[in-house]
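What follows is a set of notes on a single structure, which appears directly below.
Worth saying up front: this structure is predicted, and the values here are computed from it rather than measured. First the proteins, then the strands, lettered A, B, ... as listed; each starts at 1.
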Protein chains: 2
Amino acid sequence: MTDERRERVRLEISREAAKLFWEQGVMATTGEQIAARVGLSVRTLWRHFRTKESCAEPIITFGVDWFVETLRRWPPERSLEDHIDRELRDVPRTRTPEQQADDLLAVRMMTLADREPALRSAWLMACDQLERETASVIGDRLGRSARDIEVRIHAAAAIGVLRVINEDIGADLLAGADPFAKGQLHIRFAHAVHTATGGVVGDPVGEGQHA
Amino acid sequence: MTDERRERVRLEISREAAKLFWEQGVMATTGEQIAARVGLSVRTLWRHFRTKESCAEPIITFGVDWFVETLRRWPPERSLEDHIDRELRDVPRTRTPEQQADDLLAVRMMTLADREPALRSAWLMACDQLERETASVIGDRLGRSARDIEVRIHAAAAIGVLRVINEDIGADLLAGADPFAKGQLHIRFAHAVHTATGGVVGDPVGEGQHA
DNA sequence: ACACTCCTGTCACTCAGTGCCATCCTGTCA
DNA sequence: TGACAGGATGGCACTGAGTGACAGGAGTGT
């Protein structure tokens, strides 16, 4: 229970930090302000997050987290396009209002990262982390090690396109685009990843197949 | 002249910072130490670099800078593999001892980035910058805008594989691998970029062609 | 009730980074 | 040669990020 509680505290901090970053900018926001909003002492804040910018990480990774979890559930015998298409049908209904609020914050952080170097760096670091996890997923799928150079290259290409498309969607959404058009964009994800890995990550995988 | 002098000061700072980071780690290195080595006041150091980690940026980008410049000189009618192969033949001879020392520092910073989050972040930010420049090169080549989503996706994929291969080469080199085996690895660059962009960045481009 | 442990707050401290002002160095014009 | 303008530098004081050490407080098992 302690672990779960810790996660909830971190998320709460992240939410308040994201709001403040959005309202005033990152530089103008102090650790003291974040701590005050959550109702914690500054000292405790720094025990939960090592740096000010990293306070935004849990929120900022929300969008891509979904993708990586989806990737984890990807059955070998199915193509990526097909898998994502199926997974997407359940998403809109299972999203609670609280999660939707977090999604909005995530999009805001991503677009704010365009102007705020500190946030950009946090966003890139988050994507870097996802790239490592993705490498292990791809490695499993291809029956290779996650340290294998080919596997890492495919992971880098996949997360690279994922990041850019995410930024693009984020900008569109904040500019007032229809969130329901997103469905088609997820298919673009799949297609772009498919292309960027030369078909290696995307095709169905049979027995004994490899890159 | 002022601009060139400024660049030289920045490079000198970057060299000394990189050495200190390598010797003692990033966290253990203070701004005061860096300034002292270069023979500058701390105040002036912060005028040249906004943060401590960014002091490493000029050095850390050395390896990829070469690639991006090569990309800039890439004639439309030639394939990427072919172009890189030709460019590489001149490189080993034109590298001065000073440049070679910088190359070594660059490799060290890249591998140090594995352990030091602050450096990792600087390295990712540098690659991010290169990605933007690459987008404009690719955009020109395809006759599209650098803001075009397809162009940005290709740039992300290309720089992603470039980054991973660079990290791989760096680790190999520091582990004692033969630097002259590097030649073949540059071909791997070209090939991986070619694949990651679905042939779009890599094929020769004729008139009126596009993605 | 007691010991044990984990979480939190308080205080003092170091170091990153900035704003302000004085100084110096350099190139230019008389 | 000397006076002058402007950018680069240094010194100083200050804010804010982040840490270490210590002291309570809350929950838990005995």
**Asked** Whole Å only: how far is the CD atom of B/Glu12 from the C1' atom of D/dA8?
**Response** 18 Å
**Asked** Does A/Thr111 use its side chain to pair, donor to acceptor, with the backbone of A/Val107 at less than 3.5 Å?
**Response** yes
**Asked** How long is the line joining CZ of B/Arg6 and P of D/dA8, in whole Å?
**Response** 7 Å
**Prompt:** Do A/Asp128 and A/Arg132 meet the salt-bridge criterion of a basic N to acidic O distance under 4.0 Å?
**Reply:** yes
**Proximity to DNA chain D (any heavy atom under 4.0 Å), residues of residues 29-56 of chain A only** = A/Thr29, A/Thr30, A/Gly31, A/Arg43, A/Trp46, A/Arg50, A/Thr51, A/Lys52
**Prompt:** Any Lys/Arg nitrogen of B/Glu87 or B/Arg73 sitting under 4.0 Å from an Asp/Glu carboxylate oxygen of the other?
**Reply:** yes
**Message:** Check B/Glu12 with B/Arg8, please: is the shortest side-chain N to carboxylate O separation under 4.0 Å?
**Reply:** no
**Prompt:** Got a salt bridge between A/Glu131 and B/Arg163, using NZ or NE/NH1/NH2 to carboxylate O under 4.0 Å?
**Reply:** yes
**NZ/NE/NH1/NH2 to OD/OE distance under 4.0 Å, A/Arg86 and A/Glu81** = no
**Request:** Check whether any side-chain heavy atom of B/Glu53 lies under 4.5 Å from a side-chain heavy atom of B/Glu116, and answer yes or no.
**Result:** no
**Item:** Note: A/Arg10-A/Glu57 ion pair, threshold 4.0 Å (strictly below)
**Value:** no
**Request:** In whole angstrom, give the distance that lies between atom CZ of B/Arg5 and atom P of C/dC25.
**Result:** 12 Å
**Item:** Ranges pairing with ranges for DNA chain C, where each run has three or more Watson-Crick or G-U pairs under 3.5 Å
**Value:** C:1-30 with D:1-30
